[in-house]
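Below: the structure, in structure tokens.
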Amino acid sequence: MSSGILTSARLRLPGRLRSAYIPVLATAGLLAAMFVAGGVRYTGFASGQVVLNVFIDNAFLLVVAVGMTFVILTGGIDLSVGAVVALSTMVSASLMTDGGWPPLLVVPLVLLIGSALGLAMGCIIHYFDIQPFIVTLAGMFLARGLCYVIGTDSISITDPAYTAVAQARIALPGEMAVSVSVLIAVAVAGAAAYVLHYTRLGRNVYAIGGSEQSALLMGLPVARTKIAVYTISGFCSALGGVLFSLYTLSGYGLNALGMELDAIAAVVIGGTLLTGGSGYLAGTVLGVLVLGLIQTIISFEGTLSSWWTKIFIGLLLFAFILLQRLISARRA
Amino acid sequence: GCGSGGDTTASAGGADDGKITMGFAQVGAESGWRTANTKSIQESAKAAGIELKFSDAQQKQENQIKAIRSYIQQKVDVIAFSPVVESGWDNVLKEAQTAKIPVILTDRAVDSADTSLYKTFLGSDFVEEGRKAGKWLVEEYKDSTDTVNIVELQGTTGSAPANDRKAGFAEVIGAESKFKVIASQTGDFTRAKGKEVMEAFLKSNPDIDVLYAHNDDMGLGAIEAIEGAGKVPGKDIKIITVDAVKDGMQALADGKINFIVECSPILGPQLMDLAKKVVAGEQVPARVLTEETTFTPEQAKAALPTRPY
Amino acid sequence: MAPPAPILQMSGICKEFPGVKALSGVDFRLLPGEVHALMGENGAGKSTLIKVLTGVYDIDGGRITLNGQDVVFAGPLQAQQAGISTVYQEVNLCANLSVAENIFIGREPRRLGRIQWKRMRRRAAELLAGLDLHIDVSAPLSSYSLAVQQMVAIARAVDISARVLILDEPTSSLDSGEVEQLFRVMRRLKAEGIAILFVSHFLDQIYEISDRMTILRNGSLVGEYLTSELGQVELVGKMIGRELADLEKLEDRPPARTSEPLVQTEALGRSGAIEPFTLTVHKGEVVGLAGLLGSGRTEIARLLFGADHASTGALRIDGEPVTLRTPRLAMNRGVAFCSENRRAEGLIPDLTVRENIVLALQAMRGWHRPIPRRTQDELVDKYVAALNIRPADPEQLVRNLSGGNQQKVLLARWLILEPRLLILDEPTRGIDVGAKAEIQRLVAELSDGGMAVLFVSAELEEVLRLSHKVAVLRDRKLVAELPNDDGLTTGVIMETIASGGRA
Amino acid sequence: MTALVRHRLFWPAAVLLLLLAANVAFTPGFLSIEMKDGHLYGSLIDIFRFGAPLILVAIGMTLVIATGGIDLSVGSVVAISGALACLHISGLPDQNDVGGVLTAVGLALGLALVLGAWNGFLVAGIGIQPIIATLIIMVAGRGLAQLITDGQIVTVNSASYKLIGGGYWLTLPFSILIVLAVLALTAFLTRRLALGMLVESIGGNATASRLAGIRSRGLTVAVYAFCALCAGIAGLMISSNVSSADGNNAGLWIELDAILAVVIGGTSLMGGRFSLGGTVLGALVIQTLTTTIYSIGIPPETTLLFKALVVTVVCLVQSPAFREKVFQRRGRRRPAAPQATDDEKVEVPA
Ligand SMILES: Nc1ncnc2c1ncn2[C@@H]1O[C@H](COP(=O)(O)OP(=O)(O)OP(=O)(O)O)[C@@H](O)[C@H]1O
Ligand SMILES: Nc1ncnc2c1ncn2[C@@H]1O[C@H](COP(=O)(O)OP(=O)(O)OP(=O)(O)O)[C@@H](O)[C@H]1O
Ligand SMILES: [Mg+2]
Ligand SMILES: [Mg+2]
């Protein structure tokens with residue numbers, strides 16, 4: 001199955017570019033293989049809804065990972081995403097529940113806060129020439145800290161409109177359904193892929209990842225692009241937070257703990273280089289699906305103790321990465 | 001120890017209406033307490049003849065939601081879970097309701113307005129635990145008029161037990177002005193942090209009378225710190241903790257801890273009983289409290305030999 | 001005839017780096033429609049002047065006027081917007097992007113904000129065809145040799161319709177053919193009234209293309225001259241501040257040698273890179289490799305060093321068959337390789353000059369046997385002096401050195417190894433006349449001492465001057481092996497290349 | 001003076017001093033060190049003592065980062081090593097038996113080395129990106145630690161084991177002595193021998209290093225193994241300090257602190273040049289910050305805000321670009337008046 005995808009792609013793609021797509025194609029093939037293996041092993045696994053559930057359960061992660069893709073493509077990293085997700089849920093919940101604000105006001109405000117935070121971090125990173133790791137780590141502390149300042153308890157969201165959106169299911173043929181979040185996430189991923197491939201901003205992102213020095217000397221707007229990238233990541237995290245609050249209908253300061261690592265892992269599993277300049281958004285989508293599918297397999301397995309769960313996740317991850325690496329290395 | 005009692009009920013339940021499948025979504029394995037909780041549930045499920053699907057959410061609500069959703073997918077007979085947080089369960093619980101799968105909450109409650117979303121809640125009341133700790137303190141110092149300097153080792157910031165145990169304790173001691181919490185800091189529920197924070201407390205606060213730790217482990221760490229500073233735990237500084245795990249009980253019996261509020265992880269047998277009733281469509285109380293007590297050193301000495309965890 | 005008003009005027013430019021005064025009070029002017037050469041030794045301050053002009057570095061003192069107006073650029077982007085298009089000295093492109101993108105990035109053809117990839121690729125191909133380069137423009141830049149990358153950089157700069165075009169050593173890895181193409185384009189632009197600033201260490205090129213030149217020495221202005229009024233010897237004298245005596249001496253070729261073979265290849269080849277070739281290098285012999293851009297010279301060098309793996313054939317060293325799986329194994333056999341791409345494959349920019357020089361030697365000894373500091377200092381001092389590396393401070397970070405000096409550091413790394421076969425791929429890239437003569441003398445001396453050298457250079461004269469025999473490549477195939485006797489000239493080599501060795 | 005300010009360790013050191021000063025303001029006796037039962041006792045000693053595991057992990061992390069990699073698995077290795085040692089000791093008939101304790105230490109460190117070598121193999125041998133390669137052990141290793149301890153806290157009662165993390169020797173905490181020994185060894189290996197230069201070279205330009213004949217594969221594996229070894233020792237220290245192994249929580253998030261320490265110390269995450277002294281300072285800054293939070297009594301809810309503030313200040317102060325832009329607002333963008341070209345003789349063509 002996987003080799004079929006690869007060979008057909010080989011026929012179509014022009015000369016050398018083929019090798020650049022191989023990691024993504026390998027990932028897609030392996031993902032499909034993983035799904036088939038799951039279907040063979042567990043009853044009820046091989047259904048369309050299981051796949052859709054992976055999307056429903058990971059819509060927020062997908063959005064966050066999309067933002068992270070931009071950052072990583074420039075060779076940076078954003079550790080603040082998980083905390084910004086939590087902050088967004090907290091701000092949304094407290095404003096709507098305690099403040100009685102309407103969602104139509106709250107959501108734009110939350111998106112604005114996230115973007116502003118990203119913008120600020122981007123500016124510090126660029127103008128003061130400080131490593132992204134440390135700046136975004138400070139951003140992570142800040143956002144998480146603000147959550148606790150708002151409150152240490154979790155807050156339910158009871159706004160009827162918000163609840164209605166959260167519970168709405170868009171029916172698909174075959175008795176399947178997806179949530180609104182999935183549509184948003186897919187739209188964001190599509191838009192991001194377009195931006196990365198078809199706009200100057202996107203190409204500048206790749207150029208900076210290839211070599212920031214060269215990009216500067218080629219007369220590209222390095223400052224603007226770098227700052228934009230962190231702003232996008234901030235925006236995506238805030239949007240991820242909104243989706244998260246739709247998912248759980250609550251806000252909580254300990255939400256999304258460690259999500260930055262999940263997002264980074266998704267991006268990197270998708271074949272993007274952490275050093276920047278190489279990778280595709282499609283890879284990120286696949287990376288998120290891989291992580292989601294691993295989770296699903298674990299819950300279908302159903303008999304693993306807490307520690308075996310972790311060991312099993314590690315093993316699955318290892319098997320996946322190893323195969324991906326071997327396939328890519330052979331074909332390249 | 002508790003397995004033998006469950007055996008008889010198991011054969012009864014199994015004979016009634018085939019095998020029950022339960023999906024249990026555990027918070028994680030963040031502490032020894034939690035592990036004991038998991039173990040109790042797994043063992044009593046086996047004993048009760050209930051097929052258990054278990055998943056570990058690694059302290060993440062989203063993972064728990066995913067697990068519950070997959071249980072719905074797998075059409076289990078009953079779902080039980082210990083919520084990571086109180087809020088945010090309405091969606092997935094509604095899905096369970098639509099799929100006609102009854103839900104039992106364990107260990108902590110959810111704050112859902114719609115109580116029809118779950119059948120019952122089995123667990124401890126963290127606020128009450130805090131109150132119990134406070135009451136003992138008030139009782140202990142009822143004859144004294146001097147200020148009582150208290151330091152508090154909190155659990156993980158933002159976590160429900162930490163919030164509630166702090167609130168319950170504050171509620172009780174707040175009534176009297178002689179009780180003063182002079183320092184309160186998180187020790188993340190771990191021994192290492194408990195020790196580290198306590199050492200810092202001891203340096204910056206020369207006269208500490210009482211230590212209130214949100215779990216035994218932090219208390220045990222703090223004891224090492226107190227001993228390191230040349231003071232005698234249990235005498236120079238009185239120590240109250242929550243949980244009553246074995247190591248804590250030992251320290252209590254040794255007089256290093258003065259009072260422990262029990263928070264029992266052994267929910268398994270009660271949970272299995274409830275599950276059977278719920279599946280059979282019987283009426284169950286909306287709230288079932290675990291049987292919990294408090295321990296003084298004497299009680300600890302008596303209870304220690306039979307302590308299962 | 002009064003000269004037209006200068007389009008660009010720089011006066012009293014000063015620039016200081018920690019510990020180095022790179023420019024002190026330099027005046028410079030550029031007239032429309034001229035090709036102006038900026039001359040000077042390695043480290044004289046040419047690149048710094050260009051970078052100060054285009055806003056890469058902040059200026060410490062002095063002023064710049066463009067078209068009579070005072071300007072200060074905050075960065076290359078602004079300079080480009082003001083009509084100054086620049087090719088900087090090191091190839092500053094993004095190797096991860098395709099060739100077409102490298103040419104057009106920042107100026108992609110768009111419709112409604114959407115990049116038109118097809119159109120971009122087509123235009124890129126046309127543009128390169130104008131420079132007589134026919135390659136797949138959708139392939140990533142990294143899949144091409146440095147020379148191709150240099151051509152791409154030139155294509156990019158030329159296509160930006162600018163009033164001022166700056167080319168900082170654009171020809172350092174180009175063959176005469178490509179240089180001709182470049183000059184053709186430059187003449188056309190010049191006729192259109194564009195002012196061109198040109199830097200090169202090839203005097204022939206300077207005399208061929210430039211109208212006027214400005215000479216720098218040690219960061220200060222020596223003077224501005226009309227090219228037609230300044231002879232080569234005088235020029236060199238002004239650049240290095242003394243007469244270059246031994247330039248002539250190197251014109252006599254070293255005598256041919258016969259001795260036992262050191263390295264022999266038998267139909268060694270690598271699919272897709274170089275067709276199987278058979279070549280023997282004897283002890284103490286200098287073998288030159290000649291060929292056009294992309295003819296496979298670098299590929300041969302890499303195979304002999306184990307940097308790439310051969311897919312066919314056999315290799316013998318001292319008559320013993322060997323497989324070189326890693327460069328390290330080649331080094332153990334006494335083979336050393338100085339890469340043409342000093343930035344990507346040579347230098348460790350964050351390490352000091354000293355560390356970069358002793359790196360290979362240290363690697364050979366292993367981490368547990370450090371080279372005593374005193375030995376290090378002796379070795380480093382010797383080569384800093386011999387190659388005239390400036391600033392002569394071994395503790396300077398190598399990234400802060402000028403391009404030519406970096407190249408010398410790289411050479412020193414391999415020379416101190418005293419290998420039995422030294423493979424030099426474009427070793428004199430970006431090196432000034434004085435140092436070039438010194439390096440050629442060193443190579444000749446070492447080969448007299450019994451070291452074999454495989455010498456690759458885009459400059460055929462240099463190859464001819466040094467080699468005992470010349471291997472000619474074409475289309476990734478070894479087509480001829482010519483002994484360097486009196487009958488061999490650059491013309492003969494060019495003919496051999498053209499005819500594919502059948503003549 | 002300027003040479004002092006220019007030194008790359010100046011700014012981390014300045015921040016450390018500032019934090020200490022803040023402590024003195026709140027706790028007057030902060031700097032005092034007294035003798036208690038023949039041990040040195042005081043807040044400063046505590047900072048070193050509690051910072052010891054972090055310093056150790058950060059030293060290993062420094063080398064990994066210098067090769068251009070990163071190691072996320074250190075936290076799990078900390079947990080595993082402590083768990084294995086405690087499990088072995090708790091099974092001993094006599095827990096104070098020095099031979100038994102040494103066996104336990106050997107087992108734990110041996111396993112740590114194996115895990116580190118595995119990481120190195122994935123990175124250098126198979127070519128998996130370091131962050132993902134080490135993520136595998138980070139996730140699975142935590143499970144392994146819990147498997148070893150059965151999810152419970154394994155308590156030991158061994159005076160000999162207690163020495164490692166909680167004991168004293170020659171009036172000094174033994175853990176500090178261990179750190180000093182490891183630091184000295186690392187400094188010797190990297191700065192006296194040529195290891196440091198080769199590692200920096202790999203991180204600075206991997207391709208060039210290969211072509212210069214450096215055996216980067218072996219070195220990389222060794223560096224990851226060393227990092228895991230350091231984490232293993234740290235794990236022993238942490239578990240010995242509280243005489244128990246907590247497979248669930250030991251070493252949680254320590255990778256983040258360790259990386260932060262390395263970065264504060266001035267080593268770039270891109271690899272290349274590294275500074276061991278900077279790393280030690282960075283780790284001390286982090287530990288002092290924690291102590292400051294306890295002693296000033298910052299409530300847990302605002303702890304993170306305080307941390308965010310300090311980290312921001314630390315990185316701003318360390319940034320030359322920031323100091324230039326804020327402290328010395330020279331009008332560098334203003335075009336300066338043309339200077340008369342002086343002494344140099346300038347020839348002008350006729
Ligand atoms: N970033 C820097 N930091 C410190 N010194 C520098 C820096 N850049 C250049 N220099 C120094 O400035 C001087 C001039 O360098 P520049 O690159 O302008 O020389 P160049 O004339 O272009 O030489 P080449 O012909 O070798 O390219 C050299 O001594 C160099 O060491
Ligand atoms: N004109 C060209 N057409 C297609 N590919 C080319 C061309 N020139 C170079 N290349 C690519 O560059 C790679 C390197 O070629 P190589 O380094 O062997 O050239 P070379 O003979 O050393 O010449 P130079 O270094 O001057 O370019 C080749 O593998 C080839 O893919
Ligand atoms: Mg230059
Ligand atoms: Mg070449």
Side-chain angles (χ1 to χ4, degrees), chain B residues 28-39 56 58-59 151-158 162 166 182-206 216-218 220-225 227-230 245-248 250-251 309, chain D residues 23 26-30 32 36-37 39 41-47 49-51 53 82 139 142-143 145-146 149-155 162 165-166 168 237-239 241-253 287 290-304:
Chain B
E30 76 280 12
S31 63
W33 187 95
R34 184 68 62 195
T35 315
N37 179 242
T38 303
K39 208 173 252 162
D56 177 302
Q58 303 179 39
Q59 286 91 254
V151 294
E152 184 180 26
L153 283 172
Q154 302 180 24
T156 308
T157 310
K166 182 178 158 78
I182 53 171
S184 176
Q185 192 55 252
T186 175
D188 285 338
F189 283 133
T190 65
R191 277 189 208 184
K193 269 282 169 198
K195 180 170 182 184
E196 188 178 341
V197 176
M198 193 63 199
E199 294 213 0
F201 282 171
L202 287 165
K203 299 257 156 51
S204 47
N205 305 289
D216 289 343
D217 284 331
M218 290 191 291
L220 291 168
I223 288 173
E224 298 211 7
E227 284 172 342
V245 297
K246 210 174 201 163
D247 285 346
Q250 184 63 53
Y309 60 94
Chain D
N23 271 293
F26 277 87
T27 324
F30 188 81
S32 71
K36 237 180 207 176
D37 316 332
H39 308 153
Y41 182 87
S43 297
L44 282 183
I45 300 285
D46 275 1
I47 290 176
R49 204 153 53 88
F50 282 115
V139 176
R142 181 66 60 185
Q146 290 175 329
T149 61
D150 202 22
Q152 295 292 348
I153 292 178
V154 179
T155 308
K162 179 98 193 171
Y168 288 79
M237 250 181 216
I238 291 174
S239 70
N241 186 29
V242 287
S243 291
S244 61
D246 183 348
N248 312 319
N249 292 302
L252 214 57
W253 303 115
Q287 189 59 42
T290 314
T291 308
T292 312
I293 286 167
Y294 300 151
S295 60
I296 296 184
I298 292 175
E301 299 83 49
T302 40
T303 301
L304 282 175

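Chain letters run A, B, ... following the sequence lines, proteins first and then strands; every chain starts at 1.
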- Query: Looking at B:Lys193 and D:Asp246, does any basic side-chain N land under 4.0 Å from a carboxylate oxygen?
  - Reply: no
- Task: Name the region of B:Asp217, side chain, backbone, both or neither, that has any atom closer than 4.5 Å to a heavy atom of chain D.
- Result: side chain
- Message: Can you tell me which of B:Asp56, B:Ile182, B:Val197 forms the most heavy-atom pairs within a distance under 4.5 Å of chain D?
- Response: B:Val197
- Message: Just so I understand: if I count every heavy-atom pair under 4.5 Å between each of B:Gly230, B:Ser184, B:Ala200, B:Ser31 and chain D, which residue has the most?
- Response: B:Ser31
- Query: Side chain, backbone, both or neither: which part of D:Thr303 has a heavy atom under 4.5 Å from chain B?
  - Reply: side chain
- Message: Let's test your reading of the structure: which of D:Asp46, D:Asn23, D:Ile293, D:Ile238 forms the most heavy-atom pairs below 4.5 Å with chain B?
- Response: D:Asp46
- Under 4.5 Å from any heavy atom of chain B - which part of D:Arg49: side chain
- Checking B:Gln185 against chain D: side chain, backbone, both or neither under 4.5 Å from a heavy atom? both
- Name the region of D:Asp150, side chain, backbone, both or neither, that has any atom closer than 4.5 Å to a heavy atom of chain B. both
- Straight-line distance of B:Thr38 OG1 to B:Trp33 CH2, nearest 0.5 Å: 9.0 Å
- Note on the structure: Cut-off 4.5 Å, heavy atoms of chain D, and the answer for B:Lys39 is side chain
- Note on the structure: Max heavy-atom pairs within cutoff under 4.5 Å with chain D, candidates B:Glu199, B:Arg34, B:Glu196, B:Glu224, goes to B:Glu196
- Query: Which one of D:Pro28, D:Gly42, D:Gly297 has the most heavy-atom pairs closer than 4.5 Å to chain B?
  - Reply: D:Gly42
- Could you tell me which portion of B:Ala229 (side chain, backbone, both or neither) has an atom closer than 4.5 angstrom to a non-hydrogen atom of chain D? both
- Cut-off 4.5 Å, heavy atoms of chain B, and the answer for D:Ile298 is backbone
- When the 4.5 angstrom heavy-atom criterion is applied to D:Thr27 and chain B, the contacting part is side chain
- Message: Could you check whether D:Gln146 and D:Asn248, counting side-chain N and O atoms only, form a donor-acceptor pair closer than 3.5 Å?
- Response: yes
- Query: So what's closer than 4.5 Å to chain B heavy atoms on D:Thr290: side chain, backbone, both or neither?
  - Reply: side chain
